[in-house]
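First comes the structure, then the notes that go with it.
Below, all heavy atoms of this structure are taken into account, side chains as well, without hydrogens, waters or symmetry copies.
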Amino acid sequence: MDLVIRGARVVDGTGGPSYTADVGVHEGRIAEIGRIRSGGRRTVDAHGLALAPGFVDMHAHSDLALLRDPDHSAKAAQGVTLEVLGQDGLSYAPVDDRTLAEVRAAITGWNGAGEDVEFDWRDVGGYLDRLDRTGIAVNAAYLVPQGTVRAYALGWGDRPATPAELDRMRALVAEGLAQGAVGMSSGLTYTPGMYASDAELTGLCRVVASYGGYYCPHHRSYGRGALAAYAEMIALAREAGCALHLAHATMNFAENEGRAGELLALLDGALAAGADISLDSYPYTPGCTTLVALLPGWANEGGPQAVLARLRDDAEAERIRHALEVTGADGCHGVPVDWATIEISGTADPAHGAYVGTRLRDWEAARRLLLADRLGPTILQHVGHEENVRAIMRHRVHTGGSDGILQGAKPHPRAYGTFPHYLGHYVRELGVLSLEECVAHLAGRPAARLRLVDRGLVRAGYRADLVLFDPETVAAGSTYENPRVLPSGIPHVLIDGRFVMRDGRRTDVLAGRSVRRAPYRGR
């Protein structure tokens with residue numbers, strides 16, 4: 001036996017009662033659970049600690065961070081052993097040279113400009129191979145990003161796809177899934193993904209379904225019209241016969257205060273009718289995105305350079321202001337923007353760092369910053385409701401997703417704190433979930449959504465992706481004022497039986513690999 005973990009409180013990821021046992025690990029897998037009389041080459045005394053399957057971050061924005069930062073303690077220290085990348089319809093594969101340059105500019109606020117990354121891939125398989133070749137801190141799965149696919153096939157224009165372009169998009173999605181992607185994402189308040197009709201999305205989702213993948217939309221509104229937007233995605237996925245995973249499922253803005261129950265009733269009705277649905281959420285009230293994302297879709301048409309040109313034009317800028325402040329832009333979920341809720345969390349150029357932590361006064365201040373920082377600013381948007389957060393995390397199809405943007409001088413604390421915040425604040429302090437329920441939400445259920453047959457549970461024969469934490473002390477260290485502080489109470493994290501965190505410190509082990517969709521043989 002390579003390792004024996006003695007006397008742990010095993011929280012196995014099923015949601016069932018925890019129990020005390022020894023757990024033996026050999027050659028990267030769980031070899032034995034029970035009372036282990038023989039010794040191992042190494043032993044961990046786990047009395048007082050809970051042993052759980054490694055946590056799965058179902059909504060991560062570490063697409064470049066995994067390549068540029070071998071340490072990646074932001075996630076490893078939380079007990080995360082697998083991240084799902086390619087979120088919100090925009091990422092770096094599949095691309096050609098033109099699309100890559102456009103996407104890099106469009107999501108600088110999420111991942112940085114990537115000047116320190118060699119983009120030596122163009123397709124999904126190449127990106128996953130690059131992760132494996134580089135060696136990464138935690139495992140990673142990938143969703144084909146529908147917005148990137150649309151940009152590749154027909155550019156950043158707001159128009160319907162031609163039949164030939166739709167065929168091209170279907171082929172790109174199929175190729176990405178064949179190369180190992182676990183599904184497809186959309187960002188339907190981001191360009192160019194928002195320009196797709198339901199018919200176009202349904203056609204792509206049929207391809208996803210044929211490969212046994214799932215559709216993960218950031219849908220068309222989390223504000224005015226949120227319930228209609230959720231209903232739209234449920235109907236679309238059912239029409240396509242595709243599994244559905246609702247990204248960062250929240251009910252935000254004043255219009256939706258106290259209305260989580262209506263969303264959950266909608267979900268329960270669809271589940272009762274046979275729909276295959278899951279969702280993720282982060283345990284915080286503010287959202288986080290890029291400042292440019294708030295602009296109306298028409299202002300983003302043509303890509304980043306076209307946006308900058310419109311911002312320089314006084315007449316166009318006034319049209320944008322009117323959409324933002326009076327009618328409510330689709331990029332701001334149909335709700336007129338309240339500038340007092342918009343806090344700058346980061347800029348692409350450190351020269352503009354004085355803006356970080358400040359609230360924008362008005363549109364002209366936002367316009368000046370967008371131009372000066374070339375669309376790079378990220379923001380916190382203080383529009384959530386605690387009662388909605390708690391209600392949604394209790395639902396039986398809920399999973400955990402950080403939506404963590406690691407860029408910026410003052411990122412959202414969810415990037416460093418989501419998983420210990422669930423365990424410390426919502427389990428121990430508030431009792432919103434039991435420990436066993438919470439671990440099922442963070443490990444067992446997401447692994448099932450990803451169709452992983454040997455991860456997500458503490459079970460003999462499963463991969464030894466494990467986290468040891470103290471239920472009495474586990475807590476997020478990150479705060480809004482100091483968001484890059486690592487959590488406490490999580491001494492050990494293993495991937496394939498190798499310590500990536502030991503005694504609360506990051507080791508130099510790079511045990512992560514790409515996790516690719518298994519061949520699908522139908523239902």
Side-chain angles (χ1 to χ4, degrees), residues 61-62 64-65 68-69 73-74 90 104-117 190 252 282 284-296 299-300 304-314 316-318 320-321 323-325 329 331-332 335-384 402-417 476-486:
H61 288 285
S62 303
L64 299 186
R68 65 159 64 97
D69 177 19
S73 289
L90 289 167
R104 286 177 63 183
I107 56 174
T108 293
W110 292 358
N111 298 307
E115 294 164 346
D116 52 349
V117 174
Y190 301 129
N252 288 339
Y282 47 84
Y284 299 88
T285 52
C288 179
T289 188
T290 57
L291 181 57
V292 69
L294 303 185
L295 273 55
N300 281 280
Q305 296 307 313
V307 180
L308 289 167
R310 290 187 183 99
L311 289 170
R312 294 187 194 101
D313 184 289
D314 288 344
E316 289 289 277
E318 172 56 23
I320 295 171
R321 184 204 64 77
L324 281 169
E325 296 183 349
C332 196
V335 179
V337 68
D338 176 359
W339 293 112
T341 67
I342 308 299
E343 178 185 356
I344 302 300
S345 61
T347 58
D349 186 343
H352 307 300
Y355 284 93
V356 173
T358 67
R359 305 282 179 122
L360 290 172
R361 297 187 308 276
D362 52 28
W363 162 240
E364 279 305 314
R367 177 190 179 191
R368 286 193 300 272
L369 182 56
L370 284 166
L371 284 168
D373 203 46
R374 299 189 64 79
L375 312 183
T378 51
I379 61 170
L380 300 187
Q381 197 169 11
H382 296 268
V383 292
S402 72
D403 197 11
I405 294 174
L406 298 167
Q407 285 297 118
K410 200 175 178 184
H412 196 302
R414 68 193 186 191
Y416 282 72
S478 58
T479 65
Y480 293 102
E481 289 304 313
N482 295 290
R484 295 186 188 275
V485 179
L486 297 180

Atom [atom1] of [X] and atom [atom2] of [Y]: how far apart are they, to the nearest 0.5 Å?
X: Lys410; Y: Thr479; atom1: NZ; atom2: OG1; answer: 8.5 Å
X: Leu324; Y: Leu294; atom1: CG; atom2: CG; answer: 6.5 Å
X: Leu370; Y: Trp363; atom1: CG; atom2: CH2; answer: 6.0 Å
X: Ile342; Y: Arg359; atom1: CD1; atom2: CZ; answer: 8.5 Å
X: Ser73; Y: Leu486; atom1: OG; atom2: CG; answer: 5.5 Å
X: Leu369; Y: Thr358; atom1: CG; atom2: OG1; answer: 8.0 Å

Over all atoms of both residues, closest heavy-atom pair of [X] and [Y]:
X: Gly109; Y: Thr290; value: CA-CG2, 3.9 Å
X: Gly353; Y: Thr347; value: N-OG1, 4.0 Å
X: Gly346; Y: Val356; value: CA-CG2, 3.9 Å
X: Pro483; Y: Ser478; value: O-CB, 3.1 Å
X: His352; Y: Ala372; value: NE2-O, 3.2 Å
X: Ala476; Y: Gly417; value: CB-O, 3.6 Å

With side chains defined as the heavy atoms from C-beta onward, is the minimum distance between [X] and [Y] less than 4.5 Å?
X: Leu64; Y: Asp116; answer: no
X: Val335; Y: Val383; answer: no
X: Asp69; Y: Leu406; answer: no
X: Leu295; Y: Arg310; answer: no

Under 6.0 Å from the CZ atom of Arg374, do we count more than 12 heavy atoms belonging to anything else shown?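 Check fails, neighbour count at 12 or below.
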Say whether, by atom type as modelled, one donor and one acceptor occur between the side chain of [X] and the main chain of [Y] under 3.5 angstrom.
X: Asp349; Y: Asp373; value: no
X: Asp313; Y: Glu316; value: yes
X: Ser345; Y: Thr378; value: yes
X: Thr285; Y: Gly384; value: no

Parallel, tilted or perpendicular: rings of Trp110 and His61 (30°, 60°):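 Correct class here is tilted.
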With under 30° as parallel and over 60° as perpendicular, where do the rings of His412 and Tyr282 fit, or are they tilted in between?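 Perpendicular, since the angle between the ring planes exceeds 60°.
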Assess whether side chain to side chain donor-acceptor pair (under 3.5 Å) is satisfied between Glu325 and Trp339, documenting all intermediate values. CA-CA 9 Å; Glu325 296 183 349; Trp339 293 112; 2.8 Å; yes
So, is the end of the Arg414 side chain (NZ or CZ) under 6.0 Å from the ring centre of Tyr284 and within 45° of the ring's axis?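 No, a cation-pi geometry is absent between Arg414 and Tyr284.
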Taking salt bridge (charged side-chain N to carboxylate O under 4.0 Å, His left out) as the definition, give me every residue that meets it alongside Glu115, ordered by chain and number, with sequence neighbours left out.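 Glu115 satisfies salt bridge (charged side-chain N to carboxylate O under 4.0 Å, His left out) with no residue once adjacent residues are dropped.
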Pair Asp314 + Arg367, salt bridge at N-O below 4.0 Å: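 Salt bridge between Asp314 and Arg367, a charged N being under 4.0 Å from a carboxylate O: yes.
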Residue of the set Val292, Thr289, Asn300, Ile107 for which side-chain contact (heavy atoms from CB on, under 4.5 Å) holds with Tyr190: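 Considering Val292, Thr289, Asn300, Ile107, a side-chain contact (heavy atoms from CB on, under 4.5 Å) with Tyr190 is found only for Thr289.
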